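Scroll down for the structure; my scribbles are underneath it.
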Amino acid sequence: MAVLDQSNAENLALIEFHGWWPGDDDPFYLANVEENEGRINFYPDDPIEGGWYVPRMFFDGFIDGQYLYDDDTWPNMITDRNLTESPLEMTLDFDFDGTNGTVHAHITAEQTLDAPNVVIHFVLTESEIAYEATNGSNIHHNVMRKMYPDGNGEPFTIQGGQHLDISRDFTLDPGWMPEHCGFVVFVQDNATFEVIQATKSRILTSVSVIEYDLIDSGGDGDGNFEQGESVDVTFSVRNYGPLATGVSATLTCDDPDVSILTSDVQLDDIPLNGTVDNTTVPLVFQVSQDVEVHFTDITITLTANGGQVTFEEEIEILVGKPNILIVNDDHIPAVFPWDYNAEGFYKMALYDRDETYHVWNTTLVETPGADVLLSYDIVIWFTGASDPTITPEDEAVLTAYLDAGGNLIISGQDIASDLQGSSFLSDYLHAEFVADSSSDIWLNPTADPITGELSMLSLASGDYGAANQDSPDEIAPLGDAMPILTYYNSGRTAALRYMNDYRLVYFAFGFESLVEFYDVANSFNMRADFLQRIFDWFEFEPQIGDVNENGNVDIIDVVWVVNIVLGTHQPTPGQAWAADVNEDGAINIIDAIVLVNIILGG
């Protein structure tokens with residue numbers, strides 16, 4: 001709901017009433033049980049569910065948003081409601097001494113409003129409250145603190161053309177932050193539940209950065225902040241309270257590898273719920289030429305009203321060139337409000353292992369060129385649940401990267417299905433398409449250096465994985481490719497690895513959906529560990545005798561040598577080198593005997 005508030009600040013006044021479910025220990029509920037319960041019970045049970053649930057959103061009282069909280073439904077409800085003209089105009093101002101105050105509502109009517117069930121409510125709210133709730137929310141906004149004079153409101157009538165000034169005295173609790181407190185005043189028809197008009201304002205002037213953009217205009221423009229590049233910092237500022245005057249912004253950074261080139265900008269005065277930006281006069285910083293890749297922070301500080309109002313926005317950025325590139329080739333939008341998009345799962349897994357990375361999103365810019373990929377040691381390319389998956393342009397770029405000896409992780413459902421019969425699938429991904437839309441959601445790790453210590457995995461959970469896979473492929477490894485995950489019921493391959501002139505791990509489903517079957521809550525750690533195992537394998541150097549390249553020298557390698565001697569297996573150059581155990585330039589039965597002696601300790 002904070003996202004809705006941010007994107008609709010000029011025409012949306014939000015109040016959050018906290019209930020007794022899912023936990024009756026919610027401190028915001030307990031702080032004012034009577035008025036929270038009164039407003040919750042004021043509205044009828046949901047006609048579909050036949051009861052109450054949270055979260056439940058009412059727009060202007062009579063439009064039930066129900067549980068349809070996605071990218072479009074709630075914003076569309078707001079847009080549709082905005083088409084209805086209200087007969088009232090309302091504004092607020094305050095007298096306030098730091099603890100006690102008076103809120104003044106100034107109301108003008110274009111037409112008479114004298115229905116017997118119409119009331120006016122004054123609601124004191126507080127935002128930006130830090131509390132770790134059971135639903136995972138850590139910062140709470142628009143929390144109802146007190147209603148004046150009570151939760152029932154007071155009767156309200158007004159004649160057409162009339163102007164009314166209505167005031168309410170209030171006192172802030174010592175635990176409430178005055179700069180985060182405000183009022184929502186609304187007029188409602190209790191018979192129809194319709195809110196006829198509402199307005200809001202913070203008690204004090206309150207400015208904040210609501211969005212920002214960083215562009216390496218003094219560099220290659222790829223959105224990454226590398227050696228020697230200068231970066232423009234632009235942002236929008238919103239005022240949630242009375243007029244903000246003399247607004248200015250300052251950019252600072254304590255990192256010696258970041259130099260501030262343009263540190264200050266003067267902004268326009270900002271009225272209540274208004275915004276300004278600095279797009280024409282960006283703040284600018286520059287990254288040093290010899291920077292080592294690391295995360296750092298820059299800070300935008302806002303001041304207004306002669307320094308009486310301040311705000312700081314700390315932004316974490318990555319400076320320098322990491323060795324990992326994530327190519328987000330998933331064209332499926334994130335689901336509001338959780339933002340469980342595929343990219344987030346890769347970023348979390350890397351962040352948990354203190355890995356640095358750049359992200360290239362193909363929905364925002366074109367497919368990266370081979371030169372971009374080749375500047376990174378490791379490329380993670382995922383298509384998630386996208387359709388189509390790998391385009392001919394993608395194939396050309398990936399082919400060039402692999403021909404140059406790259407390290408690639410590629411992941412996504414329907415890749416093999418889309419590419420079946422192509423040389424890229426067979427000659428570069430070393431896979432053959434077997435079946436589409438596997439219904440087998442359980443996966444077995446094979447005895448492999450990457451997956452050998454993992455337990456059973458699953459694609460089932462929506463709580464600890466992306467749950468975006470409805471069409472995972474079944475594939476078969478070709479040539480020297482090795483299966484690392486197989487489907488539990490069919491035994492067919494779900495993921496493979498290949499090592500020769502380049503190294504490849506190919507998941508025939510979205511890696512972001514992978515969860516640990518026996519310990520689902522550990523899935524975030526599991527994915528981070530899985531990627532680390534792949535990175536370790538990318539750096540793995542084969543040893544003499546390890547013909548199957550699994551990190552061990554054992555009797556299986558003897559069998560591989562015998563198969564090479566008999567001509568039933570055509571080795572890769574790396575396997576041929578490992579099979580020539582006595583290093584005489586030939587692979588024969590002597591190598592098998594020498595290998596047996598090594599295994600036996602002879």
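In this text the structure is predicted, and so the values were computed from the model without any measurement.
Side-chain contact between Asn190 and Gln188 is present, with at least one heavy-atom pair separated by less than 4.5 Å. Side-chain contact between Leu124 and Cys181 is present, with at least one heavy-atom pair separated by less than 4.5 Å. Using a 4.5 Å heavy-atom threshold, the side chains of Ser167 and Val103 count as separate. In this structure, Val207 and Val309 have side chains that are in contact, with non-hydrogen atoms separated by less than 4.5 Å.
In this structure, Val293 and Pro322 approach most closely via the heavy-atom pair CG2-N, 3.7 Å. The minimum heavy-atom distance between Ala349 and Ala528, with the atom names listed, is O-CB, 3.4 Å. The minimum heavy-atom distance between Leu302 and Ala249, with the atom names listed, is CD2-CB, 3.7 Å. When all heavy atoms of Phe122 and Val185 are compared, the pair lying nearest together is CD2-CG2, 3.5 Å. The shortest non-hydrogen separation linking Val233 to Asn278 is O-ND2, 3.2 Å. Of all heavy-atom pairs between Ala191 and Asn117, the closest is CB-ND2, 3.5 Å.
Classification of the Tyr464-Phe524 ring pair by plane angle, with boundaries at 30° and 60°, yields perpendicular.
Side chain of Ser127 to backbone of Asn142: a donor-acceptor contact under 3.5 angstrom is found. Between the side chain of Asp216 and the main chain of Gly219, no donor-acceptor pair closer than 3.5 Å is present. Remark: side-chain polar atoms of Asn36 are not paired, donor with acceptor, to backbone N or O of Gly19 under 3.5 angstrom. The backbone N or O of Thr125 sits nowhere less than 3.5 Å from a side-chain atom of Trp176 that would complete a donor-acceptor pair. Of the possible donor and acceptor atoms, none in the side chain of His104 sits under 3.5 Å from a partner among the backbone N and O of Asp165.
Between Asp277 and Thr279, the side chains place a donor N or O and an acceptor N or O closer than 3.5 Å (distance only, hydrogens not considered). With no hydrogens or angles considered, a side-chain donor-acceptor pair links Asp232 and Ser217 at under 3.5 Å. For Asp222 and Asn224, the side-chain atoms include at least one donor-acceptor pair closer than 3.5 Å. In this structure, a donor-acceptor pair under 3.5 Å is present between the side chains of Asp255 and Thr296. For the residue pair Thr275 / Ser236, no side-chain donor-acceptor distance below 3.5 Å is found, with atom types taken as modelled. Checked by atom type, the side-chain pair Asp330/Ser386 shows no donor-acceptor distance below 3.5 Å.
Evaluation of the salt bridge (Lys or Arg N to Asp or Glu O under 4.0 Å) test over residues 119-144, restricted to residues two or more places apart or in two chains, returns Glu126-Arg145, Glu128-Arg202.
Every residue two or more places apart in sequence or in another chain that forms a side-chain hydrogen bond (donor to acceptor under 3.5 Å, both in side chains) with Thr102 is listed here: Asp169. Partners of Thr157 under the side-chain hydrogen bond (donor to acceptor under 3.5 Å, both in side chains) rule, at least two apart in sequence or in another chain, do not exist in this structure. Scored by the side-chain hydrogen bond (donor to acceptor under 3.5 Å, both in side chains) test, Thr234 finds no partners at all (sequence neighbours excluded). The side-chain hydrogen bond (donor to acceptor under 3.5 Å, both in side chains) test applied to Glu154 returns Arg168, not counting sequence neighbours. With sequence neighbours excluded, no residue forms a salt bridge (Lys or Arg N to Asp or Glu O under 4.0 Å) with Glu226.
Put simply, the residue from Leu214, Ile260, Val319 that forms a side chain to side chain contact (heavy atoms under 4.5 Å, CB included) with Ile298 is Leu214. Screening Asn361, Thr383, Thr362 against Asp329 for a side-chain hydrogen bond (donor to acceptor under 3.5 Å, both in side chains) leaves a single residue, Thr362. Residue Phe193 forms a ring pair (Phe, Tyr, Trp, His ring centres under 6.0 Å) with just one option from Phe58, Phe42, Phe59, Phe186, and that option is Phe42.
The local environment of CD in Gln162 is crowded, with over 12 non-hydrogen atoms from other residues, nucleotides or ligands closer than 6.0 Å. By the neighbour-count criterion of 12 heavy atoms within 6.0 Å, atom CD of Gln266 is densely surrounded, having more than that number from other residues, nucleotides or ligands. For Tyr351, the OH atom is loosely surrounded, since the number of other residues' heavy atoms within 6.0 Å does not exceed 12. Remark: Asn138 CG is packed, more than 12 non-hydrogen atoms of other residues, nucleotides or ligands lying under 6.0 Å away.
If you look at Phe382 and Tyr346, their ring centroids are closer than 6.0 Å. Taking the six-membered ring for Trp and the full ring otherwise, His18 and Phe28 have centroids separated by under 6.0 Å. No close placement of the Tyr29 and Phe17 rings is indicated, their centers lying 6.0 Å or farther apart.
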Should Thr171 and Asn100 be marked as a side chain to side chain donor-acceptor pair (under 3.5 Å) after you check the CA-CA gap, both sets of side-chain angles, and the distance that decides it?
CA-CA 4 Å; Thr171 299; Asn100 301 300; 2.8 Å; yes
Evaluate the salt bridge (charged side-chain N to carboxylate O under 4.0 Å, His left out) criterion for residues Glu35 and Arg39: first the C-alpha distance (whole Å), next the side-chain angles of each, then the deciding distance (0.1 Å), finally the verdict.
CA-CA 6 Å; Glu35 290 174 357; Arg39 287 305 292 180; over 6 Å; no
Using side chain to side chain donor-acceptor pair (under 3.5 Å), reason through Thr303 and Ser248 one step at a time and then give a plain yes or no.
CA-CA 5 Å; Thr303 59; Ser248 63; 2.7 Å; yes
Which is it for Arg81 and Glu194 under the salt bridge (charged side-chain N to carboxylate O under 4.0 Å, His left out) test, yes or no, and what are the steps along the way?
CA-CA 11 Å; Arg81 180 59 178 170; Glu194 180 180 10; 2.8 Å; yes
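By the 4.0 Å N-to-carboxylate-O rule, Glu355 lies too far from Lys347 to be salt-bridged with it.
For the atom pair Glu110 CD and Leu88 CG, the distance stands at 8.5 Å (nearest 0.5 Å).
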